[in-house]
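In what follows, a single structure is set out as structure tokens and then discussed.
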Amino acid sequence: MMEKTYQPGEIEARIADAWDDARAFRAGAGRRPGGESFSVVIPPPNVTGSLHMGHALNNTLQDILVRVARMQGRDVLWQPGMDHAGIATQMVVERQLMERQEPGRREMGREKFVERVWQWKEESGGTIGRQLRRLGASCDWSRERFTMDEGLSRAVRKVFVQLYREGLIYRDKRLVNWDPKLLTAISDLEVQQVEVKGHLWHLRYPIEGKAFDAADPSTYIVVATTRPETMLGDTAVAVNPKDERYAAYVAAYQAGKPINVVLPLVGRLIPIVADDYSDPEKGSGAVKITPAHDFNDFEVGRRHDLPMMNVLSKEALILQEMQVFDSAGRAVDTKPSPQEFAGLERFAARKMIVAALEATALVEKIEPYTHTVPHGDRSGEVIEPFLTDQWYVDAKTLAQPALQAVRDGRTKFVPQNWEKTYFEWLENIQPWCISRQLWWGHQIPAWFGLRLPQDAGQGLRTFVATDEREMLEEARAYYGQDVEISIASAPTPGLSGPANRPAGVTLYQDEDVLDTWFSSALWPFSTLGWPDATPELARYYPTSVLVTGFDIIFFWVARMMMMGLHFMPDVPFRDVYIHALVRDEKGAKMSKSKGNVIDPLALIDELGADALRLTLAAMAAQGRDIKLARSRVEGYRNFATKLWNACRFAEINECTTVAGFDPATATLMLNRWIVGEAEKAAAETTAAIAAYRFNDAAAAVYRFVWSVFCDWYLELAKPVLQGGEGGADRDETRATVAWARDLILALLHPFMPFVTEELWAVTAPAEGRPALLALSPWPALGGLENAEAEAEIGWLVDLVSAIRSVRTETSVPAAAQIPLLLVGASAATRERAGRYDETIRRLARLSTVGFADQAPAGAVQMVVRGEVAALPIAEVVDLAAERTRLAKEIERIGADIDKIDRKLGNADFVARAPEEVVEEQQERRDEAAARRQKLEEALARLSAVSA
RNA sequence: GGGCGGUUAGCUCAGCCGGUAGAGCAUCUCGCUUACACCGAGAGGGUCGGCGGUUCGAAUCCGUCACCGCCCACCA
């Protein structure tokens with residue numbers, strides 16, 4: 001015997017185990033002959049992650065698609081896995097070390113630390129996988145992959161080496177976004193622009209050869225800056241070539257004899273150059289150029305062949321000695337910093353430098369100034385543009401095929417408007433900095449050694465290879481077979497210049513690791529075994545669809561497209577379904593700091609995974625954020641209980657699945673009707689899912705289950721099921737109820753896998769029914785709609801609804817059993833009334849259903865499908881109120897008719913609108929007119945009585 | 001500066017390849033009845049942000065304005 005309410009908690013864990021035991025989600029499980037492949041790779045959550053609403057939405061949608069495909073008998077793989085999340089994970093473990101007061105990362109050393117991270121991963125890294133299982137995600141967990149697995153690491157190295165050899169990965173010295181807290185470079189995408197209130201300092205730079213006089217503007221040039229501390233590294237001042245104010249400086253520069261300024265505090269002479277970058281509208285129109293600490297200045301420096309002076313250390317402290325590089329990035333010199341600033345942190349230095357300048361009247365003015373400042377998205381620290389050697393991917397080249405594939409429609413975005421965002425970004429893509437100064441990640445497979453004297457190349461000799469053995473082969477080919485090659489763990493001090501002892505060479509591997517997204521970019525093929533030609537790769541690549549949030553289009557989608565197209569013969573996925581962000585009730589982004597996070601696991605505990613899933617699906621309308629309210633989830637929890645009780649009703653009434661039952665053979669109108677409605681609902685749901693219209697799909701099943709199956713079909717079936725007459729009608733109805741219930745369970749299963757699987761199991765499994773709903777066929781019906789049945793049951797529904805409505809409006813006590821008279825009923829109506837006598841009386845609370853040629857005086861009347869039905873209850877009803885009711889309805893219909901008449905009276909409408917539209921209007925008018933006629937008659941009879 | 005999205009019932013949102021304004025929640029009224037009070041029946045509630053245009057006809061297409069949100073770039 002089933003419980004009265006659905007208790008998700010007890011059931012969900014048990015069902016999840018049942019799926020596991022049956023290996024129901026293994027790749028290809030449930031595949032039926034001819035089933036084409038359907039594959040999805042999960043957006044790998046961070047190994048440090050725990051389930052938030054975004055994951056819940058993302059994986060619910062994937063699971064719906066995957067479960068439908070599996071039920072459709074396709075060869076399904078949902079590939080799960082996790083991302084090693086370089087920075088995030090390293091931070092977590094470092095924090096843990098600190099909390100436990102253990103030695104820090106640096107004291108521990110690289111090898112030990114990495115070992116420690118692996119240990120952490122084994123112990124605590126699997127949380128999200130378990131949480132996804134609780135959500136019901138039907139991934140093939142036996143194939144779980146991790147971006148740092150041996151196999152995936154091999155793919156990473158192979159890709160790196162090949163791109164390097166193709167010239168698409170290279171090392172370069174240029175400005176990067178440097179995070180002075182994490183002490184690593186980060187990519188443009190990991191930088192957040194934050195608006196901050198700061199100041200704009202107007203500084204006077206004295207002109208060379210003129211005695212500085214604050215009162216005489218010809219003795220200095222004013223530059224405006226938000227970052228005074230970088231002035232130590234200025235190597236020029238730029239003015240616009242068209243700026244009249246600075247015509248003399250421009251002319252001098254163009255004549256090859258630039259006028260210099262004396263850099264305050266430093267005393268270095270730096271030229272005034274003419275460059276379009278300088279905007280006459282901004283500041284003073286003259287701008288200080290610090291090529292080593294500003295991206296724009298860096299470009300100006302390259303254009304004018306200016307030296308770059310690095311003022312800051314990696315920790316953003318002012319250097320003792322500034323490092324000087326030429327415009328090509330070659331180290332050329334060092335220069336002493338003013339010693340009073342050496343070692344100061346950059347913001348402290350700013351204060352002191354401003355103070356020093358003020359002391360000598362070199363500050364013209366200070367304005368409050370609001371501007372945006374780049375911050376690291378992980379550390380929250382102000383990013384420092386920093387001159388370092390890093391590895392870059394030539395993203396521009398790789399982007400071309402990725403753009404083309406979407407333009408050609410080989411990969412489609414849903415909703416399509418995201419293509420624009422994708423195009424925009426790829427068309428303006430910058431080199432992708434892929435090296436990170438971290439320990440946790442894929443160490444870059446590049447080794448450095450000294451150059452041979454005869455080698456004219458610059459810097460150290462680089463060997464890039466997939467492993468040490470391959471690297472050593474290359475090195476031997478370079479240094480000679482007889483040279484002894486050793487590998488050091490770190491660069492030896494003073495390692496520069498030519499290899500002067502070719503008898504023995506020491507190499508060391510690049511210490512940096514790759515950006516986590518580098519390995520994620522390979523996910524669709526690396527998880528399938530690439531670079532080996534595995535059967536999985538052949539079966540499941542390209543994947544069918546990628547489901548992800550828009551915030552990750554650049555980070556991940558675009559890069560998978562680039563890598564997939566470069567290394568595989570086809571795109572990584574056919575469709576990209578982009579879903580929205582889950583926000584809180586008020587539309588704010590959920591964040592821990594705001595404290596408005598709704599924990600999906602808490603909701604699952606309380607209301608069930610199914611309720612949460614159906615809520616998310618029902619709210620996943622394309623192109624719109626989801627504002628999640630708890631009440632909504634409660635509503636869907638109620639729906640689960642409703643379903644549960646409907647199944648309980650079926651059980652109580654012995655509606656058991658009849659093996660081989662063919663819905664087309666149903667004979668009772670009621671059964672033919674529900675069978676047709678079921679077909680419609682199934683078709684609607686299937687089509688909506690195929691179009692990624694999850695909300696429409698959810699609404700279609702929801703409505704069918706509650707408003708059609710429960711509200712009408714089961715109610716209408718009660719007399720047959722419970723009438724005690726037994727016989728063929730009852731058998732057929734029991735079979736039909738069971739059939740419709742099974743269909744509902746199937747249609748709902750992708751949305752609510754747990755309850756439906758449980759109900760499937762408890763509703764007395766019949767022979768020939770698959771043991772697991774998850775592997776049962778998806779409903780595919782045809783030819784079940786029946787106009788006759790629709791007309792008959794439609795009339796029944798309308799009649800009962802009309803009586804109920806009138807009863808309430810005329811204040812007939814709910815308990816009162818009143819008679820009904822069908823006035824001037826047609827033969828069909830009489831027959832139907834007879835057939836459903838008990839049903840009608842039960843649902844409309846009537847004592848009798850009779851017939852009459854005319855409505856009795858004072859009867860309450862209504863019009864149902866063109867015929868009058870009367871409730872002869874003059875004594876219970878307030879006649880005046882009844883008159884008002886009728887008059888109101890007549891008025892309403894009158895307004896409708898007027899509206900239609902205006903249309904039909906419009907010659908243009910009749911002439912230009914499509915024929916069927918005109919006909920439809922005509923029909924509606926006729927119907928309304930007939931109805932009004934009947935109502936007017938009813939009103940007349942009523943008035944006659946009271947008169 | 002460039003781009004995208006939003007503005008529809010008290011709330012949260014569907015509908016938007018033009019042709020009778022919908023759902024859930026909330027509200028109000030009623031509730032005989034063993035599938036379900038996490039329920040049933042009924043009701044109220046919207047000039048679809050403003051203005052203009054196209055059209056026989058606009059919530060739906062176009063333009064414009066207002067407000068809200070997001071993304072990208074830049075900011076001396």
Side-chain angles (χ1 to χ4, degrees), chain A residues 2 4-6 188 193 200-203 222-227 238 277-279 281-288 294-297 369-373 417-418 420-421 424-425 428 550-551 553-554 580-581 583 585-589 607 611 615 618-619 621 623-629 631-632 634-653 695-696 699 702-703 707 710-711 714-715 718 800-801 804-809 811 813-817 842-845 896 899-900 903 906-914 916-918 920-921 924 928:
Chain A
M2 291 171 65
K4 206 169 166 185
T5 53
Y6 171 58
D188 297 347
Q193 301 294 337
L200 189 60
W201 286 272
H202 295 252
L203 310 178
V222 173
V223 294
T225 181
T226 54
R227 298 204 55 196
Y277 165 66
S278 180
D279 182 348
E281 304 293 313
K282 286 185 186 160
S284 62
V287 58
K288 67 192 226 30
D294 181 283
F295 287 98
N296 286 306
D297 293 3
Y369 192 74
T370 301
H371 59 146
T372 57
V373 175
N417 54 312
W418 288 110
K420 189 153 187 168
T421 306
E424 202 76 19
W425 190 69
N428 300 301
F550 62 78
D551 50 335
I553 291 176
F554 305 144
L581 240 54
R583 297 170 177 282
E585 251 171 295
K586 297 184 192 86
K589 204 166 170 172
L607 301 170
T615 308
M619 298 189 78
R624 210 168 165 140
D625 285 345
I626 295 179
K627 287 183 208 154
L628 189 68
S631 61
R632 202 71 198 253
E634 283 168 6
Y636 288 107
R637 183 272 319 266
N638 295 353
F639 176 72
T641 303
K642 183 75 181 177
L643 173 73
W644 182 265
N645 277 295
C647 290
R648 205 158 70 92
F649 172 85
E651 188 194 43
I652 292 164
N653 288 283
N695 58 321
D696 288 345
Y702 183 98
R703 203 193 65 83
S707 310
C710 291
D711 285 353
L714 291 184
E715 291 304 325
K718 276 179 184 171
V800 171
S801 301
R804 283 170 170 171
S805 177
V806 165
R807 282 182 68 124
T808 308
E809 280 176 48
S811 310
Q817 301 266 327
R842 179 197 160 94
L843 295 183
R845 296 197 192 140
D896 276 357
K899 207 170 142 191
I900 298 171
K903 269 194 187 175
N906 182 334
D908 282 330
F909 173 73
V910 179
R912 299 191 196 202
E916 59 271 21
V917 173
V918 179
E920 194 194 312
Q921 294 295 323
R924 275 186 50 212

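Chain identifiers are assigned alphabetically (A, B, ...) following the order of the sequence lines, protein sequences preceding nucleic acid strands; residue numbering begins at 1 within each chain.
Residue Phe639(A) is out of contact with every strand shown, counting any heavy-atom pair closer than 4.0 Å. Residue contacts for Glu634(A): at a heavy-atom cut-off of 4.0 Å it reaches no nucleic acid atom on any strand shown.
Nucleotides G15(B) and A59(B), compared at atom C1', are 9 Å apart to the nearest Å. G45(B) sits 15 Å from A23(B) when the C1' atoms are compared, rounded to a whole Å. Between C4(B) and C65(B), the distance separating the two P atoms is 15 Å to the nearest Å. Only the P atoms considered, G40(B) is 30 Å distant from U47(B), to the nearest whole Å. Atom name C1', nucleotides G5(B) and A9(B): the rounded distance is 23 Å, in whole Å. Here the separation of U20(B) from A58(B), taken at their C1' atoms, is 15 Å to the nearest Å. Comparing C30(B) with U7(B), their P atoms are spaced 37 Å from each other, to the whole Å. Comparing G44(B) with U29(B), their C1' atoms are spaced 10 Å from each other, to the whole Å.
One finds no side-chain N or O of Asn638(A) lying less than 4.0 angstrom from the OP1 or OP2 phosphate oxygen of C36(B). Residue Lys420(A) places at least one side-chain N or O closer than 4.0 Å to OP1 or OP2 of C4(B). Put simply, Lys718(A) has a side-chain N or O that comes within less than 4.0 Å of OP1 or OP2 on A35(B).
Pairing of A58(B), defined by two Watson-Crick or G-U wobble distances under 3.5 Å, is not identified with any nucleotide. Across all strands shown, A43(B) forms a Watson-Crick or G-U wobble pair with U27(B), both key distances being under 3.5 Å. Across all strands shown, G22(B) is found opposite C13(B) as a Watson-Crick or G-U wobble partner, with both distances under 3.5 Å. Pair assignment for U64(B) gives G50(B), based on Watson-Crick or G-U wobble hydrogen-bonding distances that are each under 3.5 Å. When both distances must be under 3.5 Å, the Watson-Crick or G-U wobble mate of C36(B) does not exist.
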Please evaluate residues Lys718(A) and Glu715(A) with respect to the criterion salt bridge (Lys or Arg N to Asp or Glu O under 4.0 Å), reporting the C-alpha separation (whole Å), side-chain torsions for both, the decisive distance (0.1 Å), and the verdict. CA-CA 5 Å; Lys718(A) 276 179 184 171; Glu715(A) 291 304 325; 3.1 Å; yes
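When distances run from any side-chain atom of Phe649(A) to the nucleotides G24(B), A41(B), A35(B), the shortest one goes to A35(B). Here the nucleotide nearest the side chain of Arg632(A), chosen from G24(B), C32(B), G40(B), is G24(B). Of the candidate nucleotides U20(B), C32(B), C74(B), U20(B) has the atom nearest to the side chain of Arg924(A). Of the candidate nucleotides A43(B), G19(B), G31(B), G31(B) has the atom lying nearest to any side-chain atom of Ala814(A). The Phe554(A) side chain lies nearest to C72(B) when the options are A76(B), C72(B), G19(B). The nucleotide whose nearest atom lies closest to any side-chain atom of Lys899(A) is, among A76(B), U20(B), G19(B), U20(B). Comparing atom distances between the Asn417(A) side chain and each of C4(B), A76(B), G19(B) picks out C4(B) as nearest.
Panel note: side chain Arg648(A), backbone Leu643(A); no donor-acceptor pair is recorded below 3.5 Å. Using modelled atom types, one side-chain atom of Arg807(A) and one backbone atom of Pro813(A) make a donor-acceptor pair closer than 3.5 Å. Side-chain N or O atoms of Arg637(A) include none that pairs as donor or acceptor with a backbone N or O of Arg632(A) at under 3.5 Å.
Comparing Arg845(A) and Asn695(A), the nucleotide of RNA chain B nearest to each residue sits closer to the 5' end for Asn695(A). Nearer to the 5' terminus of RNA chain B, by closest-nucleotide assignment, is the contact made by Thr641(A) (compared with the other of Ser805(A) and Thr641(A)).
With hydrogens and angles left out, the side chain of Arg637(A) and the base of C38(B) share a donor-acceptor pair within 3.5 Å. With hydrogens and angles ignored, no donor-acceptor pair closer than 3.5 Å exists between the side chain of Glu424(A) and the base of A73(B).
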